*Asks:* 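Below is the structure I would like to discuss, written out as structure tokens.
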Amino acid sequence: MVDLKYIEKNFEEAASKLAKKGVDKHLLEELKELFAQKKEAQRAFEAKRAEQKALSKEFGIYKAQGKDINELKEKLDNLKKEIATLEEDAKVIEAKLYEKALLIPNFPDDIVPEGKDENDNVEIKRVLEPRAFDFEPKEHWELAQMNNWIDFERGVKLAKSRFALLNPPAAKLERALINFFLDFNEKNGFEQMWVPVLNNSKMLLGTGQLPKFQDDLFKVEGEDLYLIPTAEVALTNIYNDEILEKEKLPLLLTAYTPCFRKEAGSAGRDTRGIMRQHQFDKVEMVAITTPEQSDEVFEKMVENASNILSALGLPHRLVELCGGDLGFSAARTIDLEVWLPGQKRYREISSVSNTRDFQARRAKIRYKDGKKNRFVHTLNGSALAVGRTLIAIMENYQNKDGSITIPEVLKPYLQNRL
RNA sequence: GGACAGGUGGGUGAGUGGCUGAAACCACACCCCUGCUAAGGGUGCGUGUCCGAAAGGGCACCGAGGGUUCGAAUCCCUCCCUGUCCGCCA
């Protein structure tokens, strides 16, 4: 959640920052006004409440002394009614305030370029030269069919569109990739976790998926449980409503989970193949840091994801997202896009974000800094999206006859055989 | 899923209507004493929010939400969770 006090004190600055993300200034004005109202209502209520408490105490003393309490009681009865109204008012305003505040996206960092969509993102650098083909490279869905790696029809039969199933060679490769990623992350300091893939609404609110993006989530009927769209939700919320010791930071975590997304609003996009599925595997990194540590950890996470791609021999580029393309919770994001020779373009395979204290405020994740409790910074990034890595391997390692060469680094994970 | 028992501060745990935001002990921090593997004493030590430069003060929070009452951690209702036993089961 955005810092309301910051908006109150630095309104113009806050407004110009959020303009980068396309947030209307009027929304902020409304918020500021509500915040002022909330404080006023709170003050009014608390003053009366203090009065009531004092008189009630007297009431007890009077009674003990056998004094007449009728007059006092009448006074308190009236106060009670007055307070009930004041309290109700304060509650209503507060609820309204938070309802609105929870819909305001995070402030982008100053470094974030202006822009309205992905076309305005800024390429930072390219890593590894795309391979030169002496034949026309095919797209992954074609290769998948030629090699019988992916069964799209039966995936749909089992569930619905945008579900697929992997046949023996691809299924093994999928798991090899998961293990390879987890090991790679672990070697670079990320603790390997295992988490529930169903999380409750409080957690989804903590990382920013709720309340605004409810339509993107699969919800369990009759339960306060959602299938997580990313392990970021579970990993970050491990520390929901906790106060951490400064010495324990930064916490670097990694986990593999399947991820579930409704992909509402992306009808017609990437309908062929497994680029955009309702269920996909991903190995995620999450970091919990002090504000001072978060920039350095951010770089480390980007580097780690990039190094994995390099280890797999996959050409890729780093892209700094512009304000308009930045996610709701992110202050800054660098996407890693892998080269897909079949599609002849770079496609997102990892996204590393620093949310600064935005999620920490929502999820109430703090750390002790001396006597004070401060909000941590939370960061997340894929390392990597597994299904998309499978695509990248298929397209980059394809041979003229449609067969696919397995990258050397994965062979140990396949017991040297498919 | 059924039955019973519970949910209090970092932990253990007291507290059945006002003197309790909460005893005591442990843990932790600092100080004093002592002097070596027996320790003792003192002080501090929840979270959030509002006012304040600060000191300090107000309000809220004893699983969550309602209710009764002048007044609730304490009484009532609903829900959630935990434990134990039974059932079921990877």
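Quantities reported herein were computed from a predicted structural model and do not represent experimental measurements.
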*Asks:* Have a look at Lys81(A) and say if it touches a base, only the backbone sugar-phosphate, or nothing, with a 4.0 Å heavy-atom cut-off.
*Replies:* nothing
*Asks:* Is the closest basic N to carboxylate O distance between Arg332(A) and Glu320(A) below 4.0 Å?
*Replies:* yes
*Asks:* I need a per-nucleotide contact map over nucleotides 71-80 of chain B, read 5' to 3'. Cutoff is protein heavy atoms under 4.0 Å; write B for the base, S for backbone only, - otherwise.
*Replies:* S---------
*Asks:* Applying ring-ring contact (aromatic ring centres under 6.0 Å, His included), can you list everything that pairs with Phe35(A), at least two apart in sequence or on another chain?
*Replies:* none
*Asks:* May I ask you to say what Lys364(A) touches in the nucleic acid, namely base, sugar-phosphate or nothing, with a heavy-atom cut-off under 4.0 Å?
*Replies:* nothing
*Asks:* How would you label the contact of Lys91(A) with the nucleic acid (heavy atoms, under 4.0 Å): base, sugar-phosphate, or nothing?
*Replies:* sugar-phosphate
*Asks:* Just checking Asn373(A): base, sugar-phosphate only, or nothing, at a heavy-atom cut-off of under 4.0 Å?
*Replies:* sugar-phosphate
*Asks:* Which part of the nucleic acid does Ile243(A) contact within heavy-atom distance under 4.0 Å: base, sugar-phosphate only, or nothing?
*Replies:* sugar-phosphate
*Asks:* I'd like to know if the side chain of Asn121(A) and the backbone of Leu321(A) have a donor-acceptor N/O pair within less than 3.5 Å.
*Replies:* no
*Asks:* Can the positive tip of Lys212(A) be found less than 6.0 Å from the middle of the six-membered ring of Phe328(A), inside 45° of the ring normal?
*Replies:* no
*Asks:* Which label fits Phe180(A) and Tyr413(A): parallel for a plane angle under 30°, tilted from 30 to 60°, or perpendicular past 60°?
*Replies:* perpendicular
*Asks:* Hey, are Gln192(A) and Tyr256(A) close enough side-chain-wise for a donor-acceptor pair under 3.5 Å?
*Replies:* no
